[in-house]
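By convention in this document, chain letters (A, B, ...) are assigned in the order of the sequence lines, proteins followed by strands, and residues within each chain are numbered from 1.
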Amino acid sequence: MINETPRVRFAPSPTGYLHVGGLRTALYNYLFAKINNGKFILRIEDTDRNRFVEGAVENLIDTLNWVGLEFDEGPKTGGDFGPYLQSERLDIYKNYANQLITDGKAYHCFCSQERLQNLREEQQKQKLPQMKYDKHCLNLSKEEIRQKLDAGENYVVRLNVQPGIKVIISDIVRGRVEFDRDTIDDQVLIKSDGYPTYHLANVVDDHLMKITHVIRGEEWLSSTPKHILLYQYLNWELPEFAHLPLLLNPDRSKLSKRQGDVAVEDYQSKGYLKEALINFVALLGWSTGDNKEFYTIEELKTNFSIERVHKSGAIFNIDKLNWLNSEHIKNKTAEEILPELKNELSNSKFNEMRFSDDYLKQVIDSMKERVIFYNEFLTKSPYFFERPQQYDEEVLKKRWKEDTPDHMKNLAENFEKMEESSHDNFEAALRKTAEELEIGAGKLIHPVRLAVSGIGVGPGVFDLLAIIGKDEVIERINIAINKITIPSGN
RNA sequence: GGCGCGUUCGUCUAGUGGUCAAGGACAUUGCCCUCUCAAGGCAAAGAUCACGGGUUCAAAUCCCGUACGCGCUACCA
């Protein structure tokens with residue numbers, strides 16, 4: 001097994017969206033496959049008919065595609081070990097269940113929900129250390145079973161946990177973990193609706209799909225002994241196990257819907273980059289130890305190692321995600337960001353307007369160090385797309401004095417004389433004006449920024465002017481002179 | 001309750017017996033840069049390494065116990 005190509009799988013149940021914890025699990029599986037030249041398989045665990053969600057599988061695949069975790073085998077994609085939807089493999093599970101029954105490793109159970117309920121209450125009342133099925137139906141004779149089956153009685157198939165030595169898990173992240181056999185319940189393998197439970201289905205599929213490493217969340221650690229027993233009863237070779245630490249809410253409980261966003265698509269629609277999300281989630285439970293925190297997906301593919309995954313859970317800390325988002329934006333060229341900005345524009349009130357690529361790229365270069373999200377190109381610097389709608393009161397009060405309109409007139413005149421719009425020309429013209437007026441450059445810089453952008457913050461003022469362009473700048477200065485009334489007290 | 005897992009700055013983490021009176025990052029604060037805001041640079045603050053016992057010349061690192069947290073305990077995954 002060790003020498004085979006590693007085959008790992010991401011096996012979510014289709015709840016309607018991809019959970020960020022699921023994303024992390026999928027990512028680690030994917031990276032493990034990439035680093036070991038293995039295969040990454042998507043399998044859908046849809047054995048709970050009560051939880052069927054229309055379109056969930058498509059949605060899951062779309063989201064996985066968006067973040068770029070392409071799988072080698074899976075539903076729609078296909079592969080040699082399909083079908084990859086458990087609901088299409090019912091006969092397979094039934095076959096193995098029957099084999100287990102024949103071998104005495106599993107048995108029919110006809111107990112009603114009521115009896116089970118009573119049993120639990122009874123055990124609770126007696127303060128028994130734990131609640132377990134009492135193997136009542138194991139005492140049924142062959143004839144009795146035949147009769148009940150023929151009569152069409154409802155039944156489930158249960159695992160027959162037999163006494164024996166401890167069940168030992170050798171986990172890649174947790175090391176050796178032991179369980180006493182008598183703490184393991186006779187788990188239901190096939191439900192009364194004929195569908196398998198997770199426990200049977202995942203073992204059968206992992207074996208049939210030749211999965212070599214089971215990398216999944218820690219919530220599965222407790223049921224792993226049941227799985228190991230199943231492998232043993234079926235005479236199958238065990239895969240390696242790696243149980244990943246949980247992603248946590250700020251109160252340290254398992255990351256859940258109630259305490260914020262858990263769906264990857266929520267983060268997508270909020271404007272997070274897939275690069276940032278992947279980078280962030282990779283660091284929740286894993287690190288190289290060399291202080292590097294910024295990773296591209298390609299870098300992760302060569303640096304990841306399952307041995308360096310931690311044991312303890314990690315709180316999903318949005319501040320760091322935001323920082324990584326801005327880092328990943330800074331890491332991109334204007335050319336790369338261009339389509340994103342165009343997309344933001346087409347979804348905004350500016351969707352009718354046309355800007356040249358060259359113009360937009362200048363906007364990007366001047367603003368990309370100042371944004372955390374793409375949409376901030378519009379919200380933080382709308383002045384690149386429209387004239388100021390109003391002028392910031394605070395800045396006005398501080399920067400627009402009684403003599404400012406005159407200064408602005410002089411400035412506009414000197415701008416007018418410029419041959420062309422450029423950072424250097426604007427700077428030269430402004431400094432010359434300041435000299436002529438015998439005032440500090442700041443007396444012009446701040447007001448002109450206000451006149452042109454309407455606010456007091458943004459890129460360097462000469463960059464700003466150069467991007468907006470001479471004619472428009474002069475126009476905006478004139479508008480400001482007319483529109484702004486000097487606040488009292490200035 | 002039972003079983004299992006975990007516990008280093010607010011958060012993510014480095015650390016696998018001596019170089020750790022614990023390093024980095026995010027967030028916070030201050031300074032520098034500067035036409036503003038960012039970015040960047042520098043700095044500060046922030047962890048008696050959950051607690052208590054051992055082992056050892058030496059422990060955040062090994063062992064035991066306790067506490068706390070979390071997970072599982074379903075004909076959910």
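Within the structure, salt bridge (Lys or Arg N to Asp or Glu O under 4.0 Å) pairs that include any residue of residues 307-320 of chain A comprise A:E293-A:K320 (at least two apart or interchain). Sorted by first and then second residue, the salt bridge (Lys or Arg N to Asp or Glu O under 4.0 Å) pairs involving residues 154-169 of chain A (not counting sequence neighbours) are A:K166-A:E178.
Of the C1' atoms belonging to B:G15 and B:A77, the separation is 36 Å, rounded to the nearest Å. To the nearest whole angstrom, the two C1' atoms, one in B:A47 and one in B:A22, are 8 Å apart. On the P atoms, B:G71 is 22 Å away from B:U66, given to the nearest whole Å. With both ends at atom C1', the span from B:C9 to B:G46 equals 5 Å, rounded to whole Å. Remark: the separation of the P atoms in B:A59 and B:C42 is 35 Å, to the nearest Å. With P as the reference atom, B:G23 and B:A44 are 11 Å apart, rounded to whole Å. Here the separation of B:G40 from B:A27, taken at their P atoms, is 9 Å to the nearest Å. For B:A39 and B:A45, the C1' atoms lie 23 Å apart once the distance is rounded to whole Å.
If you check every strand for non-hydrogen atoms under 4.0 Å, A:R308 touches sugar and phosphate atoms only. Looking at heavy-atom distances under 4.0 Å, A:S312 makes contact with sugar-phosphate atoms alone, never a base. At a threshold of 4.0 angstrom between heavy atoms, the contacts of A:G217 with the nucleic acid are absent. In this structure, A:V461 reaches the bases: a heavy-atom distance under 4.0 Å links it to at least one base atom across the strands shown. No contact: A:F280 has no heavy atom under 4.0 Å from any strand. Looking at heavy-atom distances under 4.0 Å, A:E178 makes contact with sugar-phosphate atoms alone, never a base. Residue contacts shown for A:S13 are limited to sugar-phosphate atoms, with no base heavy atom under 4.0 Å away. A:T47 comes within 4.0 angstrom of the backbone, heavy atoms only, and of no base. Across all strands shown, A:K132 has no heavy atoms under 4.0 Å from either base or sugar-phosphate atoms. Looking at heavy-atom distances under 4.0 Å, A:V188 makes contact with sugar-phosphate atoms alone, never a base. At the heavy-atom level, A:G289 lies under 4.0 Å from the strands shown only through sugar-phosphate atoms. In this structure, A:E293 reaches the bases: a heavy-atom distance under 4.0 Å links it to at least one base atom across the strands shown.
Side-chain contact annotation: A:T379 with A:N375, donor-acceptor N/O pair under 3.5 Å absent. Between the side chains of A:Q113 and A:Q117, no donor N or O sits under 3.5 Å from an acceptor N or O.
With both pairing distances under 3.5 Å, B:G30 is matched to B:C42 as a Watson-Crick or G-U wobble pair. Applying the Watson-Crick and G-U wobble criteria (two distances, each under 3.5 Å), B:G18 pairs with B:C57. Across the strands present, B:C9 finds no partner; the criterion is a Watson-Crick or G-U wobble pair with both atom distances under 3.5 angstrom. Under the Watson-Crick or G-U wobble criterion, with both distances below 3.5 Å, B:A74 is left unpaired in every strand shown. When both pairing distances are held under 3.5 Å, B:C49 makes no Watson-Crick or G-U pair with any nucleotide shown.
Less than 4.0 Å separates RNA chain B from no heavy atom of any residue of residues 427-441 of chain A. Only A:L246, A:R252, listed by number, bring a heavy atom of residues 242-252 of chain A to less than 4.0 angstrom from any atom of RNA chain B.
A:D171 is linked by a salt bridge (charged side-chain N to carboxylate O under 4.0 Å, His left out) to nothing, counting only residues two or more places apart in sequence or in another chain. Under the ring-ring contact (aromatic ring centres under 6.0 Å, His included) criterion, A:Y84 pairs with no residue at all, not counting sequence neighbours. Listed by chain and residue number, nothing satisfies the side-chain hydrogen bond (donor to acceptor under 3.5 Å, both in side chains) test with A:N303 (two or more places apart in sequence, or in another chain). By the ring-ring contact (aromatic ring centres under 6.0 Å, His included) test, A:Y383 pairs with no residue at all, sequence neighbours left out. Judged as a ring-ring contact (aromatic ring centres under 6.0 Å, His included), and not counting sequence neighbours, the contacts of A:F385 are A:F350, A:F355. Under the rule for a salt bridge (charged side-chain N to carboxylate O under 4.0 Å, His left out), the partners of A:D134 that lie at least two apart in sequence or sit in another chain are A:R115. Applying the ring-ring contact (aromatic ring centres under 6.0 Å, His included) rule to A:W220 yields the partners A:Y198; only residues at least two apart in sequence or on another chain are considered.
Just one of A:T197, A:V203, A:V157, A:D205 meets the side-chain contact (heavy atoms from CB on, under 4.5 Å) condition when paired with A:Y93; it is A:D205.
Between A:G456 and A:K330, the residue anchored closer to the 5' end of RNA chain B is A:G456, taking for each the nucleotide with the nearest heavy atom. Nearest-nucleotide assignment on RNA chain B puts the 5′-proximal partner with A:E218, out of A:E218 and A:D46.
Summarising the geometry, atom CG belonging to A:L159 is positioned 9.0 Å from atom CG belonging to A:D185; distances are rounded to the nearest 0.5 Å.
Think of the region where chain A sits on RNA chain B: with heavy atoms and a 4.0 Å cut, that region ends 5' and 3' at B:G1 to B:A77.
With hydrogens and angles disregarded, a donor-acceptor distance shorter than 3.5 Å links the side chain of A:K132 to the backbone of A:D182.
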